[in-house]
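In what follows, chains carry the letters A, B, and so on, assigned in the order in which the sequence lines appear, proteins first and then strands, with residues in each chain numbered from 1.
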Amino acid sequence: AQRVTQPEKLLSVFKGAPVELKCNYSYSGSPELFWYVQYSRQRLQLLLRHISRESIKGFTADLNKGETSFHLKKPFAQEEDSAMYYCALKEGSQGNLIFGKGTKLSVKP
Amino acid sequence: ETGVTQTPRHLVMGMTNKKSLKCEQHLGHNAMYWYKQSAKKPLELMFVYNFKEQTENNSVPSRFSPECPNSSHLFLHLHTLQPEDSALYLCASSQELDRPFSGNTIYFGEGSWLTVV
């Protein structure tokens with residue numbers, strides 16, 4: 001079975017501190033992974049995808065196949081980064097998204 | 001309005017009621033999706049439509065009945081629901097059917113909060 005695990009329900013850091021939101025996956029094929037973000041009172045939206053190898057709003061995520069991880073990192077957190085973050089895996093021939101339970105990031109001033 | 005719009009935003013219904021959730025996308029996309037987000041579970045895919053044809057039913061009970069009259073509209077008809085069906089129902093769309101490594105982006109609506117009493 002394919003699974004996405006986000007071990008932290010809540011992560012609280014101070015502004016300017018580094019942040020890492022953990023995501024581990026279990027998938028027998030070649031994984032395609034994403035991070036989605038939901039800011040307060042806004043809709044769920046794509047933050048970044050591993051195939052693009054991009055940095056969005058200062059966030060990066062590297063796929064580590066050996067550790068089956070796709071952790072989201074930012075060196076200096078900002079208050080506006082406070083949101084729910086969901087890791088997602090695209091699986092199967094249909095490409096259906098499987099989401100983790102999400103981690104709530106709270107960045108304090 | 002642009003993007004993916006869902007109505008109603010909040011719905012309270014009894015177990016014997018029949019109601020519908022509506023989704024409309026103004027993005028010219030061809031694929032539409034229904035997801036369910038329960039309090040203690042991850043976001044779960046329910047149905048997938050591509051060019052109005054259903055391509056995926058993720059073992060969803062028959063008390064949930066989707067309808068896609070055209071590529072811009074998607075409905076979720078609800079009847080004889082249970083309290084455990086209370087959840088946030090998210091509609092989404094994408095330009096094409098989402099496939100692995102397609103570069104396709106899924107756009108979500110704000111969701112419809114459903115409470116079954």
(message) Using the rule that Ile, Leu, Val, Met, Phe, Trp and Tyr join whenever any side-chain heavy atoms are under 4.5 Å apart, tell me whether Met46(B) and Val4(B) fall into a single cluster.
(response) no
(message) Looking at every non-hydrogen atom in both residues, tell me the closest pair between Arg43(A) and Glu110(B) and how far apart they are.
(response) NH2-CG, 3.5 Å
(message) Are Leu105(A) and Trp35(A) linked, directly or through intermediate hydrophobic residues, by side-chain heavy-atom contacts shorter than 4.5 Å (ILVMFWY only)?
(response) yes
(message) I want to check something: taking the side chain as every heavy atom from C-beta on, are Tyr86(A) and Gln37(B) in contact at a cut-off of under 4.5 Å?
(response) yes
(request) Decide if atom OH of Tyr107(B) counts as having more than 12 heavy atoms of other residues, nucleotides or ligands within a radius under 6.0 Å. (result) no
(request) Indicate the atoms forming the closest heavy-atom contact of Asn96(A) with Glu56(B), along with that distance. (result) ND2-OE2, 3.2 Å
(request) Find out whether Tyr36(A) and Ile106(B) are in side-chain contact, i.e. whether some heavy atom of one side chain is under 4.5 Å from a heavy atom of the other. (result) yes
(message) Rounded at 0.5 Å granularity, tell me how far CZ in Phe34(A) sits from OG1 in Thr105(B).
(response) 8.0 Å
(request) Measure the shortest side-chain to side-chain distance between Glu44(B) and Ile98(A) over non-hydrogen atoms and say whether it is less than 4.5 angstrom. (result) no
(request) Check Pro42(B) against Gly100(A) and note the closest heavy-atom contact, atom names and distance. (result) CB-O, 3.7 Å
(message) Would a single hydrophobic cluster contain both Trp113(B) and Leu74(B), if residues Ile, Leu, Val, Met, Phe, Trp and Tyr are joined by side-chain heavy-atom contacts under 4.5 Å?
(response) no
(message) Between Ile51(A), Leu97(A), Leu46(A), who has the most heavy-atom pairs with chain B when the cutoff is under 4.5 Å?
(response) Leu97(A)
(request) Please look at Ser52(A) and chain B and tell me whether the side chain, the backbone, both or neither of the residue comes under 4.5 angstrom of a heavy atom of that chain. (result) neither
(request) Examine whether an atom of Tyr35(B) lies under 4.5 Å from a heavy atom of chain A, and if so say whether it belongs to the side chain, the backbone or both; otherwise answer neither. (result) side chain
(message) With a sphere of 6.0 Å drawn around CD of Glu67(A), does it hold more than 12 non-hydrogen atoms of other residues, nucleotides or ligands?
(response) no
